[in-house]
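Counting starts at 1 for both ligands and their atoms, following the listed order.
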Amino acid sequence: MRVLSGIQPSGRLHIGNYFGMMRSMIGWQERSELFCFIVNLHALTTVTDGRTLAANTLEAAADFLALGLDPGKAIFWVQGDVPEHCELTWILHNHTSMGLLERSHSFKDKAARRETPHHGLFSYPVLMAADILLYQADLVPVGKDQKQHLEMTRDIAGAFNHAYGGPVFTLPEAAIDPGLATVPGIDGQKMSKSYGNAIDIFITKAELRKRVMGIVTDARAVEDVKDPDSCNLFAIARLFLDEEGERGLRERYLRPGLKYGEVKKELVERVWDFFAPYRERREALLGRPDDIRDILAAGARKARAVASVTMEIVRDKTGLRY
Ligand code: ADP
Ligand code: TRP
């Protein structure tokens, strides 16, 4: 089975990315043919500073490698290093209805945050469909917010297959962890690199403390009973607890006397310890950026070999080969 997913280097990776996607992704390398890539072309929709994008790309690669992604087991590369992604995108544009893109929640959401939304944002799901279809992926592990993008990918694949009278593309399935709700940011909205509300995976302890202390909670007094199910802090804290730990915290919420400040202090320590083993590995990797580049270049060669098999078929079917 082929499993594939990507992440944007549009900022530093955060715990929402980790629990929503990276952790399960890395697990797949043990039991599937895993394709994992950094989608720098997608990040161009929001990052317009070249140096920032380049630095974020290397850092995202270091994050994945430090967290356990093994380039000996998975194909790991940077999207922009494989030109077939763009070629297939153009071809798929012609099988993507305007209405489909107009219904995109993520486009509406992003457009509402900008003065003038550009075409890259509108066409974003087509590039994502190309990413997936190019490798004939069966399964795409993503967070809940990407569900509609996967549905769009299936629609586009179906339209292409129908137009050319044959099953050229595999229709992929989204793999969404049913037990995981979208991780809220410190302000209670979805945690996102671009909303300024994230708790990054790799930050200094002082930064971590500042972020965690800034998690917005309700105004209930210490002596009041609290509601774990509507509390951001609880939603974040439970990620770092086992079942028993979560039950214990829930009970403390339901008894008078809980101080949010105490839960926050405990959370700082938990997050810090949770990522401790990976922190050193990441520092070492970032000290050898050329090694990271070599790993990515080797990954791009492997990815390209797979992508070109699909493109041969697509060029044949569409008449681009004459
Ligand atoms: P961001 O919104 O931070 O830019 P991306 O859109 O690059 O994140 O998402 C990368 C992956 O992480 C996707 O699979 C997405 O579903 C997942 N993800 C992002 N934010 C969250 C979150 N807050 N909770 C759970 N999963 C998330
Ligand atoms: N749109 C995805 C996100 O924001 C990133 C992405 C791009 C992706 N191409 C992909 C995810 C292909 C899975 C498969 O998270």
Legend entry - Salt bridge Glu151-Lys147, side-chain N to carboxylate O under 4.0 Å: yes
Legend entry - Under-4.0 Å heavy-atom contact with ligand 2, by part of Asp145 that carries it: neither
Inset, instruction - Look at the side chain of Lys73 and the backbone N and O of Pro71, then say whether any donor-acceptor pair between them is shorter than 3.5 Å. - result: no
Legend entry - Pair Arg301 + Asp81, salt bridge at N-O below 4.0 Å: no
Legend entry - Proximal protein residues to ligand 1, non-hydrogen atoms under 4.0 angstrom: Ile7, Gln8, Ser10, His14, Gly16, Asn17, Gly20, Met21, Val142, Gly143, Asp145, Gln146, Thr182, Val183, Lys190, Met191, Ser192, Lys193
Inset, instruction - For ligand 2, note which part of Val140 has a heavy atom under 4.0 Å away: side chain, backbone, both or neither. - result: side chain
Inset, instruction - State whether the shortest distance between N or O atoms of Gln146 and N or O atoms of ligand 2 falls below 3.5 angstrom. - result: yes
Inset, instruction - For atom 12 (C) of ligand 2, grab the closest protein heavy atom and report residue, atom and distance to one decimal in Å. - result: Ile132 CG1, 3.7 Å
Legend entry - atom 9 (N) of ligand 2: nearest protein contact (heavy atom, Å): Asp131 OD2, 2.6 Å
Legend entry - Side-chain ion pair, Arg51 and Asp49, N-O less than 4.0 Å: no
Inset, instruction - Enter the distance from Thr89:OG1 to Leu127:CG here, rounded to the nearest 0.5 Å. - result: 4.0 Å
Inset, instruction - Identify whether the distance between the nearest side-chain nitrogen and carboxylate oxygen of Glu312 and Arg321 falls below 4.0 Å. - result: yes
Inset, instruction - Considering only NZ, NE, NH1 and NH2 on the basic side and carboxylate oxygens on the acidic side, decide whether Glu269 and Lys264 come within less than 4.0 Å. - result: no
Inset, instruction - Give the numbers and elements of all ligand 2 atoms closer than 4.0 Å to a heavy atom of His42. - result: 7 (C), 9 (N)
Inset, instruction - Output yes when a side-chain donor or acceptor of Arg281 lies under 3.5 Å from a complementary backbone atom of Leu67, and no otherwise. - result: no
Legend entry - Ser5 neighbourhood, listing ligand 2 atoms whose heavy-atom distance to it stays under 4.0 Å: 11 (C), 13 (C), 14 (C)
Inset, instruction - Considering heavy atoms of the protein only, find what lies nearest to atom 5 (C) of ligand 2 and give residue, atom and distance to 0.1 Å. - result: Gly6 O, 3.7 Å
Legend entry - Interatomic spacing from CG in Leu139 to CD1 in Ile132 - rounded to 0.5 Å: 10.5 Å
Inset, instruction - Identify, by atom number and element, the atoms of ligand 2 in contact range of Gln8, meaning under 4.0 Å from any of its heavy atoms. - result: 4 (O)
Legend entry - side-chain hydrogen bond (donor to acceptor under 3.5 Å, both in side chains) between His14 and Asp200, worked out: CA-CA 4 Å; His14 54 73; Asp200 298 342; over 6 Å; no
Legend entry - Atoms of ligand 2 close to Tyr124 [distance to a heavy atom under 4.0 angstrom, numbered from 1]: 1 (N), 2 (C), 3 (C), 4 (O), 5 (C)
Legend entry - Cation-pi, Tyr124 ring and Lys110 (6.0 angstrom, 45 degrees): yes
Legend entry - Close-contact set for ligand 2 against Leu4 heavy atoms, below 4.0 Å: 14 (C)
